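Notes to accompany the following structure.
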Amino acid sequence: MRDQIVAGNWKMNLSFEQALQLASNINTWVSENETKAKVIISPSSIYLQAIQEIVDDQFIQIAAQDVSVAEKGAYTGDISAEQLDSIGINTAIVGHSERRQYQQETDESIAKKLEQLFAKNITPILCIGENLEQRETNQHFEVVKSQVLNALTPQKTENLSKIVIAYEPVWAIGTGKTASPEQAQEIHAFIRQTLNNSFGEEIANATSILYGGSVNPSNAKELFSQPDIDGGLVGGASLNIEDFSQIIASF
Ligand SMILES: O=C[C@H](O)COP(=O)(O)O
């Protein structure tokens, strides 16, 4: 059975003190409550190690928000998969729409980042999703299919079972607009079918596909109850313990 996951992407938010406090609160909540979901938090990279030290890895995993396309060398500001591995980070978000938009990331650079992560046995959370114009012109199936295939086709087959996919329609991120459970299920099923057609049934069935885009305590339960939605990648609502814990409890 594939993992059910609730991942909090903190993006570029929280002071160091606030980040430590929130991590500690989430750790306490998860340790005191039975949860079916695997819980991941993704703070800014400068906080990764400190947060790693205060949370218990049997309850919470820590993810980086990005990784370099390169293995090592003259890439000022980048962080390599090897460096993440050297501080014990085993998960990383890749290809978030904000990075595609503001850092001009492409499917090609994202495929290289996946290769770097796989080389260090770090689990990628690959983000895909269409923008509003693509949705309104009914291109969303085509867009997510090409994002999935462009990222995954260059990978070694044995690594494909290690990936998590997050479907995040750009029009639903931070906007308060959520894809309806039916809209989200429809495209999640399509993503799984795409995996099935290209990489086989075993990989399709083993891949956790998360939904992201204005997930909150009121909509999480219905979204997560859809057969092809295996959890959420949560932005805004992961920044406070009340909302995030209710979302985790929605499974
Ligand atoms: O990575 C998280 C997504 O971008 C969703 O963010 P949001 O929950 O604030 O809409």
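The structure presented is a predicted model; accordingly, all values stated were derived computationally and were not measured. For ligands, and for the atoms within them, numbers begin at 1 and follow the listed sequence.
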shortest atom 6 (O) of ligand 1-to-protein heavy-atom contact is with Lys11 NZ, 3.3 Å
among protein heavy atoms, the one nearest atom 3 (C) of ligand 1 is Glu168 OE2, 2.8 Å
Taking atom types as modelled, is there a side-chain donor on Gln65 or Trp10 under 3.5 Å from an acceptor on the other? no
Among side-chain atoms of His96 and Glu168, is any donor-acceptor pair under 3.5 angstrom? yes
Working to the nearest 0.5 Å, report the span between OG of Ser42 and OH of Tyr47. 13.0 Å
Rounded to the nearest 0.5 Å, the NZ atom of Lys11 sits from the OG atom of Ser44 at a distance of 12.0 Å
Any N/O pair [X]/ligand 1 closer than 3.5 Å:
X      : value
Gly212 : no
Gly235 : yes
Thr175 : no
Gly236 : yes

Between [X] and [Y], is there a side-chain N and carboxylate O pair less than 4.0 Å apart?
X      : Y      : answer
Asp230 : Lys38  : no
Glu105 : Lys113 : yes
Glu130 : Arg135 : yes

Can you check whether Asn216's main-chain N or O pairs, donor with acceptor, with Asn219's side chain at less than 3.5 Å? yes
For ligand 1, which atoms have a heavy atom of Gly213 less than 4.0 angstrom away? 5 (C), 10 (O)
Check ligand 1 against Ser214 and write out every atom of the ligand that is under 4.0 Å from a heavy-atom position of the residue. 7 (P), 8 (O), 10 (O)
Heavy-atom distances under 4.0 Å decide this one: backbone, side chain, both or neither, for Asn9 against ligand 1? side chain
Please classify the Ala172 to ligand 1 contact at 4.0 Å (heavy-atom distances, strictly less than): side chain, backbone, both or neither. backbone
Has Gly174 got any heavy atom lying under 4.0 angstrom from an atom of ligand 1? yes
